[in-house]
Amino acid sequence: MPAFAEAVLSLIRLLPPETAHRFTIRLLKGLPRPGAAPADDSILGVRVFGLDFPNPIGLAAGFDKNAEVFTRMGRFGFGFVEVGSVTPRPQAGNPRPRLFRLSADQAVINRMGFNSDGQAAVAARLARAGRARRPILGINLGKNKESLDAAADYAAGVAALAPHADYLVVNVSSPNTPGLRELQDRGALEKLLAAVVAARGGDRPPLLLKIAPDLALADRKDIAEVALASRIDGLIVSNTTLDRPRSLKSRAASEAGGLSGRPLFAPSTALLADMYRLTEGKLPLIGVGGIASGADAYAKIRAGASLVQLYTALVYRGPGLVARIKADLALRLKADGLARLAYAVGADHREPRKGNA
Ligand SMILES: Cc1cc2nc3c(=O)[nH]c(=O)nc-3n(C[C@H](O)[C@H](O)[C@H](O)COP(=O)(O)O)c2cc1C
């Protein structure tokens, strides 16, 4: 990254976290419309859900909740960008402060609570932006806090935003909306997925379910079975955790909310491996949680991810990280003698890990 951009980033990090985030979005919006991103090494290309991704590194939901800067984020080299979560009606989210840096842990805790401009505003913004030079775009759907009918909220999201999406995400795993994670229970999930699949009508755009890392084995089995039986196209593994590992050093560790970043890497990767095994590799998985290097991305892919996403590491390492991860990932694939990224997906389940007997 140029020295000037590094200097701007260090200054932004001196601001309180949510002010820094708002400032970054404003800064990105003010930049001139970006040209095409540089072409990726073809070894990184991967076809998933009928879409050709130039590389498997995506921006996770929550950074561009209202679809304001997705084209510019694509220019940093992401193979795809996910916007949202978007709620049906606009809502303010939880009172501030609601976003905390845990610098010593390379982590973040957030309890944003789905602050959203709402579906109509986001749909209008996406219509104005058009599809030219747009990265592959996922739209992540949430529900309003006060809503009593979750299925209706998600179905409304499908109706309003499917025309603009390359894929859609049903997010039932944010920890900051009361009752949301209970939609992952077997009966509730069956009903919810039936409603969103019906709202979609045909088989486009692809429909993904984003799950929480804090699931017991029985819940994991239920979700795998329901996901395979419904006509959804994939899973995103995972959202933030309510767990607070004892290793956390930062004072903000006791804040309520979802923990992301480095401490989430191991549990979210273990869940990813479980979901790959439980779905027998039949359902494409997006691996997210704590990725900060090419080695981390490669570990997720070998555990079963066809694509990966990140957010928190950007806060600490800046957008230059994306290019570094891609270069390192390409080297790792070549060093392992793999001609295509697809050959590495789920590799850990097929062969003993290197170094193991
Ligand atoms: C500030 C913040 C806001 C987030 N908002 C959302 C959201 O609206 N919807 C969602 O599905 N995930 C949201 N996430 C979760 C991320 O998409 C991702 O699953 C999680 O942070 C783990 O990835 P990471 O460790 O690379 O950050 C948010 C994360 C953060 C840090």
Answer yes or no: is there an ion pair linking D336 with R332, defined by an N-O contact shorter than 4.0 Å? no

Does the pair R186/E225 count as a salt bridge with the N-to-O cut at 4.0 Å? yes

Please say whether more than 12 non-hydrogen atoms of neighbouring residues, nucleotides or ligands are located less than 6.0 Å from CG in L148. no

Would you say the side-chain atoms of R340 pair up with the backbone N or O of I43, donor to acceptor, closer than 3.5 Å? no

Determine yes or no for a side-chain-to-main-chain donor-acceptor pair under 3.5 angstrom, with N144 supplying the side chain and R89 the backbone. yes

For I291 and K300: C-alpha separation, side-chain torsions, deciding distance, then whether side chain to side chain contact (heavy atoms under 4.5 Å, CB included) applies. CA-CA 8 Å; I291 294 176; K300 294 266 191 202; 3.7 Å; yes

Is N171 close to K143 at the side-chain level, that is, under 4.5 Å between some pair of heavy atoms? no

Is any side-chain heavy atom of L209 closer than 4.5 Å to a side-chain heavy atom of I236? no

Just by distance, do the side chain of S250 and the backbone of A252 share a donor-acceptor pair under 3.5 Å? no

Whether the side chain of Q309 engages the backbone of I286 through a donor-acceptor N/O pair (distance < 3.5 Å, no angle test) should be reported. no

Spell out, yes or no, whether Y343 and L44 are grouped together once hydrophobic residues are joined by side-chain heavy atoms under 4.5 Å, including indirect joins. yes

Between the main-chain N or O of A151 and the side-chain N or O of K191, is there a donor-acceptor pair closer than 3.5 Å? no

Could you tell me whether the side chain of L259 reaches within less than 4.5 Å of the side chain of P245, counting heavy atoms only? yes

Are side-chain heavy atoms of L208 and L168 found at a separation under 4.5 Å? no

Using side-chain heavy atoms (C-beta onward) and a distance below 4.5 Å, is P213 in contact with L264? yes

Check step by step if side chain to side chain contact (heavy atoms under 4.5 Å, CB included) holds for L126 and L137. CA-CA 10 Å; L126 290 168; L137 188 77; 3.6 Å; yes

Spell out, as yes or no, whether a donor-acceptor pair under 3.5 Å connects the side chain of D214 to the backbone of L242. yes

Heavy atoms, side chains only, cut-off 4.5 Å: are L28 and F76 in contact? yes

Any sub-3.5 Å donor-acceptor pair from R125's side-chain atoms to A121's backbone N or O? no

Hey, is R262 close enough to D296 for a salt bridge, meaning N to O under 4.0 Å? yes

Decide yes or no on side chain to side chain contact (heavy atoms under 4.5 Å, CB included) for L189 and I223, but give the supporting numbers first. CA-CA 8 Å; L189 191 61; I223 291 174; 4.0 Å; yes

Check: R181 side chain, S173 main-chain N or O, donor-acceptor pair, under 3.5 Å: yes

So, K334 and D41, do they make that salt bridge, N to O below 4.0 Å? yes

How close do N140 and S85 get, heavy atom to heavy atom, and via which atoms? OD1-OG, 2.5 Å

With distance as the sole test, does S174 use its side chain to make a donor-acceptor pair with the main-chain N or O of N176 at under 3.5 Å? no

So is R302 actually on top of Y298's ring, under 6.0 Å and inside 45° of the axis? yes

Distance under 6.0 Å and angle within 45° of the ring axis: does R26 meet both against F23? no

To the nearest 0.5 angstrom, please state how far the CG atom of N115 sits from the NZ atom of K65. 5.0 Å

Would K221 and D274 pass as an ion pair if we require N to O under 4.0 Å? no

NE2 (H21) and CZ (F63) are apart, to the nearest 0.5 Å, by 4.5 Å

Is there a side-chain contact between L192 and V172, using heavy atoms and a 4.5 Å cut-off? yes

Between atom CZ of R133 and atom CZ of R72, what is the distance when rounded to the nearest 0.5 Å? 10.0 Å

Just how far is it from atom CG of L180 to atom CG of N239, taken to the nearest 0.5 Å? 9.0 Å

Can you tell if the side chain of S260 reaches within under 4.5 Å of the side chain of Y311, non-hydrogen atoms only? no

Does R22 pair with E18 as a salt bridge, N-O distance under 4.0 Å? no

Backbone N/O of V315 and side chain of R13: donor-acceptor pair under 3.5 Å: yes

How far apart are the C-alpha atoms of L141 and T87, what are their side-chain angles, what is the distance that settles it, and do they pass the side chain to side chain contact (heavy atoms under 4.5 Å, CB included) test? CA-CA 6 Å; L141 307 174; T87 56; over 6 Å; no

Decide if atom CZ of R251 counts as having more than 12 heavy atoms of other residues, nucleotides or ligands within a radius under 6.0 Å. no

Identify the heavy atoms of R75 and P38 that sit nearest to each other, and give their distance. NH1-CD, 3.4 Å

In terms of side-chain geometry, is the basic nitrogen of R134 or D166 positioned less than 4.0 Å from the acidic oxygen of its partner? yes

To the nearest 0.5 Å, atom CG of D233 lies from atom CG of L283 at 8.0 Å

